[in-house]
Protein chains: 2
Amino acid sequence: MVVEKKRSPVGAAVLRDDITVAIRGAVVAELAEVGYGRLSIEAVARRAGVSKAAVYRRWRSKLDLVLDLVSATAGRNLPLLDTGSLLGDLELLLQVMARALQHRMALQIIPDLLAEAARTPQIAEKLHQTLEDYQRTIGLVVIGRAVERGELSAATDQRLAVDLIVGPIYWRLAITRTPLGTAEVRRAAEMIVAALQVAGAGPDAPEAEV
Amino acid sequence: MVVEKKRSPVGAAVLRDDITVAIRGAVVAELAEVGYGRLSIEAVARRAGVSKAAVYRRWRSKLDLVLDLVSATAGRNLPLLDTGSLLGDLELLLQVMARALQHRMALQIIPDLLAEAARTPQIAEKLHQTLEDYQRTIGLVVIGRAVERGELSAATDQRLAVDLIVGPIYWRLAITRTPLGTAEVRRAAEMIVAALQVAGAGPDAPEAEV
DNA sequence: TAACGACGGTACGGTTGCGTCGCGACGCGT
DNA sequence: ACGCGTCGCGACGCAACCGTACCGTCGTTA
């Protein structure tokens, strides 16, 4: 018993998927090429081979466009396989991250949006939430699993731990843009394990801001 | 960088320093507010209370303007005091970095320029060179000193070591923008020391790219 | 005191993007 | 066969910047 009001759902004149897809692709390309700051609807439409009106029919502004894109992309989570040891899990995670961060598009767009987040609250919120999810996943799965195995103290500061894991590889690949070999990833994993093992002290007294 | 021609040094009509300073300040402010992508000479001149012509008399383009600014700012090096131990040096370094990265301007401008570097070779080169100097300094002074003390193996991979030191704090403050307490900095320093100590293995066989 | 050159101000024509509108055409359900 | 809403296309007025040019003014130095 479908009670929907077919009152005025349209017939054959519906937003065409192929055009929507083309626009999304064009946004990604433009974002990589000129950045969010210089992104223009005109250029997006031009690149997608589409009229401006077609874009405005779907999204009200370039902010909407980008937020939507981030939402769609952010959904893809890393499969965190259980290798049986903290070192193994960590090395795998770093390898996956390294692979993702070597992609040209990612390397252009991610830092750009992160920088833009500093002045556009909506972007900041969306990215922050995505990052938070990502980091919590790492914390719970990788660290949590290691705690269950007895490899790490239960008092491990997850936030700090995640910083230690994610920070170096992001810095290396996205900031300094220096190539990273597999052997180096392995050694980095070993070093991080050592770091995590001395973190058992856990958070103590209330802290002063720096 | 204001060029001075000595041959026929002009009379009283010389580029005024106060105006140069005003423009520089305006560039920083604009850079923080709208980013490099949206930076316009018009806005800079407006903000500095100066005519566009005054800007063009000193710099040919906004790229020149920014490159000059980066050169001027990058000169300021961190004073790396010798505290007598790797842990002490590291904690001090992290505290100084944390302080620098908490400044609002830095937090807006640095990620923005780093992102822009991905598409503007001149900016990339200048920043890369600055970063390289900075990292080499950390490597030589902090790590080198610890090696002399016998705290670290001489085979320590300096590049990886620096990634481990700088990455986490940059990630935490500039990317996730989460506050960082002094006690956390201390614990992070301890963790990093542990990581560096297991890095003695040094670089081994030739590596495949990820 | 005369010359020089940067000063602020102002204006120029040209380019780019904005967001909206109307046109005729198209194709698909009713 | 009809009507719907999308399609591409083109045009609109408006705004921001671009880079350059020309003013009359001003302070210094030769």
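Numbers restart at 1 for each chain; the letters A, B, ... are given by sequence-line order, proteins then strands. Computed over heavy atoms, backbone and side chain alike; hydrogens, waters and symmetry mates excluded.
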**Q.** Salt-bridge criterion met for A:R119 and B:E33 (N-O under 4.0 Å)
**A.** no

Q: Calculate the interatomic distance between A:I19 atom CD1 and D:dC9 atom C1'; express it in whole Å.
A: 13 Å

**Q.** Whole-Å gap separating C1' (C:dG17) and CD (A:E30)
**A.** 13 Å

**Q.** d(CG, A:D18; C1', C:dC26) in whole Å
**A.** 14 Å

Q: Would you check if B:R24 and B:T20 make a side-chain contact, meaning some heavy-atom pair closer than 4.5 Å?
A: yes

Scan nucleotides 18-22 of chain D against the protein and return all N/O pairs shorter than 3.5 Å with their distances rounded to 0.1 Å.
| from | atom 1 | to | atom 2 | distance (Å) |
| --- | --- | --- | --- | --- |
| D:dC18 | OP1 | B:I41 | N | 3.0 |
| D:dC18 | OP2 | B:I41 | N | 3.2 |
| D:dC18 | OP2 | B:E42 | N | 2.9 |
| D:dG19 | OP2 | B:Y56 | OH | 2.5 |
| D:dG19 | N7 | B:K52 | NZ | 2.9 |
| D:dG19 | O6 | B:K52 | NZ | 2.7 |

Could you pull out every donor-acceptor pair under 3.5 Å between side chains of residues 159-170 of chain A and any protein atom, sequence neighbours left out?
| from | atom 1 | to | atom 2 | distance (Å) |
| --- | --- | --- | --- | --- |
| A:R159 | NH2 | A:E132 | OE2 | 2.9 |
| A:D163 | OD2 | B:R172 | NH1 | 2.4 |

(Q) With a 4.0 Å cutoff (strictly under), does any side-chain N or O of B:R46 reach OP1 or OP2 of D:dA16? (A) no

(Q) Check this for me, if you would: do A:R58 and A:D64 make a salt bridge, where the nitrogen-to-carboxylate-oxygen distance has to be below 4.0 angstrom? (A) no

Q) Atom CZ of B:R46 and atom CD1 of B:I41: how far apart are they, to the nearest 0.5 Å? A) 11.5 Å

**Q.** Length of the CG-P vector between B:D17 and C:dA6, whole Å
**A.** 14 Å

Q | Interatomic distance, A:R58 CZ vs C:dG19 C1' [rounded to whole Å] | A | 17 Å

Q. Does any donor atom in the side chain of A:K62 or A:S40 lie under 3.5 Å from an acceptor atom in the other side chain?
A. no

**Q.** Nearest-angstrom distance from the residue atom CZ of B:R16 to C1' of D:dT28
**A.** 13 Å

